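Chain letters run A, B, ... following the sequence lines, proteins first and then strands; every chain starts at 1. Treat the numbers as computed from the prediction; the structure is a model and nothing was measured.
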Amino acid sequence: MSEIAANVAVEQVLDGGALDSHVPQLNLETHVELMAKQIRLSILKQSRRAHVGHIGSALSIADIVATLYGGAMTLPSPDDPERDRLVLSKGHAALALYSALTLIGWMSEEQLDTYCADASLLGVHPERDLRGIDFTTGSLGHGLSLGAGAALAARMQHSDRRNFVVMSDAECNEGSVWEAAMFAGQHGLGNLIAIIDLNGQQALGYTKDVIDLAPMHSLWQAFKWDVHEVDGHDVSAMAKTIDSLDTRAGRPHVLIARTIFGKGVSYMQSLIKWHYLPMSEDQYVQAVAEVEAGS
Amino acid sequence: MRGAFIRTLVEIAREDPKVVLLTGDLGFTVVEPFAEEFPDRFYNVGVAEQNMVGLATGLAEAGYIPFVYSIVTFASLRTYEFVRNGPIAHQLPVRIVGIGGGFDYGTAGLTHYGLEDLGVMRIQPGITVVVPADQDQAAAALRSTYNLPGPVYYRIGKDDGRTLAGLEGRFRLGCTERVREGDDLTLIAAGSMAYAAAAAAEKLAGLSIEASVLIVSSLNPAPADDLAKTLRGVPVVVTVEAHYVNGALGSLAAEIIAENGLGCRLFRCGVTDTPHGLVGGSSYMSDRYGLSADGVVRSALRALEEAAPAAI
């Protein structure tokens with residue numbers, strides 16, 4: 001697809017809401033990549049407008065969220081009890097999720113524009129009061145047990161719905177993560193899919209210097225999980241991996257998604273300070289230009 | 001009352017397939033009737049209370065009514081943030097069952113004494129807090145609250161087989177129950193401290209002091225209206241609780257007396273120091289911290305003397 005055609009498709013998304021109904025001519029991979037690009041632009045726009053941080057963390061999972069909401073998850077409607085569930089355990093990256101909910105038509109652009117405003121349902125961390133959010137998060141280490149409970153419920157109800165948990169690598173410092181990991185492994189919750197955003201950074205330093213959990217792969221394997229290492233910016237590879245998982249039996253699954261913190265914005269990439277900093281106007285203009293020029 | 005609680009839960013589970021029981025590897029000789037009858041709805045999640053509450057939140061989101069079972073301290077304190085950000089934040093019907101309370105686990109030591117659970121749970125507006133006085137009230141309380149839409153915390157005594165005379169299993173959420181009338185002072189007891197309060201009232205009657213005994217069995221919703229009405233005109237009020245004096249029943253009574261401009265003098269009978277080091281049976285520990293019937297009598301006499309020295 002040419003750049004012009006891609007821009008037209010993005011415009012259609014911006015104008016109309018639901019991606020599926022507006023750009024049927026795109027193949028899935030292009031569709032998801034466009035969605036990821038749009039999520040990045042939304043992250044920049046909204047965090048600039050609200051003058052808040054956590055930009056790098058949200059950019060880090062833009063491709064993961066685009067993969068999930070661009071087709072990997074089964075999402076008939078926000079109220080369908082048989083929809084796949086998502087726990088954004090790294091709740092501080094909720095802006096990426098809000099952008100995805102807007103792109104699939106579950107939330108309006110007008111509502112997205114209330115991010116972090118007074119009397120908004122869209123805080124820095126997501127709450128269930130917002131339609132489309134399954135679980136309130138923001139306290140690291142909580143999400144995997146929520147997801148394990150949701151997965152256990154689905155099994156008890158003989159439902160094929162799947163339960164996704166998007167976590168950060170630093171979040172695995174929390175002991176409660178491993179409580180949930182042990183339970184899910186012990187009970188073979190194959191309908192539980194954790195995706196770890198392995199960007200190697202945490203609030204005050206690089207994970208290797210704070211608490212080094214490498215090799216992450218071995219840790220999860222030891223807890224009886226089915227482990228897949230993926231490029232967290234390769235939407236096609238992630239979608240294929242998720243599609244290949246046997247979620248009706250066997251072990252719980254974890255995708256260790258190698259990512260770049262701040263992906264898409266050169267001056268943010270892999271720099272600790274962009275965990276919290278907001279952007280200046282000049283930085284915003286540069287960031288948008290880089291994301292728009294990116295593939 | 002934990003045996004009666006589980007027996008009632010089994011009865012409810014026969015009628016309601018939504019009921020699930022999770023234990024944090026505790027409940028030997030207690031949880032088996034449920035586990036044997038409903039093996040598909042019973043999980044020993046291991047020694048992992050935070051995860052237990054997280055799991056219960058996920059189960060409740062999908063329509064279940066999960067009960068999580070542990071000793072008071074582990075059920076309420078270890079899990080606290082998971083309870084706050086889980087069933088309370090989501091307003092889901094998770095039931096947290098804390099066994100013990102006060103010095104029920106006397107020889108087990110400080111780690112097993114439940115002295116702040118009612119306080120920390122009570123301050124959360126979104127959770128019902130139930131503290132039954134005896135096994136019949138525990139069964140009634142469970143029946144009337146198990147199906148509430150939001151979360152419930154139950155503090156369930158470890159003792160089995162006792163019933164409190166005059167209570168006859170009555171339970172009304174957000175109300176007090178009176179088991180004795182008297183005009184000289186009012187004893188207000190939280191949950192199973194009703195036994196000590198009632199026995200203390202008997203002993204006080206032998207000294208020609210007539211005490212009313214009120215039982216508080218739910219701290220959320222608080223029996224605010226009942227207490228405001230009952231305490232008006234009462235000269236001396238003594239709260240009796242197997243808990244630190246701050247945060248739970250004594251604090252609730254102070255709030256109601258102050259907010260309603262009631263003139264009564266309040267004395268709080270409870271634990272004031274961190275009980276570490278010396279241990280003993282639950283009766284010994286309760287007596288040591290002034291929570292036996294004799295301890296309550298001593299508190300009542302001191303209260304009467306300080307409030308109106310000339311009257312004694």
Does A/Arg83 pair with B/Glu61 as a salt bridge, N-O distance under 4.0 Å?
yes
Using a 3.5 Å distance criterion without hydrogens, assess whether the side chain of A/Glu179 forms a donor-acceptor pair with backbone atoms of B/Asn51.
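Judged by distance alone, yes, a pair lies under 3.5 Å.
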Contacting region of [X] [heavy-atom separation from chain A under 4.5 Å]:
X       : answer
B/Phe82 : both
B/Glu49 : backbone
B/Asn85 : both

Counting a contact as any heavy-atom pair under 4.5 Å apart, which residues of [range] contact chain B?
range                       : value
residues 119-139 of chain A : A/Arg128, A/Asp134, A/Phe135, A/Thr136, A/Ser139
residues 218-227 of chain A : none
residues 150-157 of chain A : A/Ala150, A/Leu152, A/Ala153, A/Met156, A/Gln157

Indicate the ring-plane relationship of B/Tyr43 and A/His187, choosing parallel, tilted or perpendicular according to the 30° and 60° boundaries.
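Rings of B/Tyr43 and A/His187: perpendicular, as their planes differ by over 60°.
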Under 4.5 Å, counting heavy-atom pairs only, tell me which of B/Val20, B/Val45, B/Val47 racks up the most with chain A.
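The residue among B/Val20, B/Val45, B/Val47 with the greatest pair count is B/Val45.
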Are more than 12 heavy atoms from other residues, nucleotides or ligands located less than 6.0 Å from atom CD1 of B/Ile123?
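Counting other residues, nucleotides and ligands, CD1 of B/Ile123 exceeds 12 neighbours.
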Can you tell me how far CD of B/Glu81 sits from OG of A/Ser176, rounded to the nearest 0.5 angstrom?
8.5 Å
Looking at residues at least two apart in the chain, or sitting in another chain, which of them share a side chain to side chain donor-acceptor pair (under 3.5 Å) with A/Asp169?
none
Minimum heavy-atom distance between B/Ala62 and A/Arg161, given as atom pair plus value:
CB-NH2, 3.4 Å
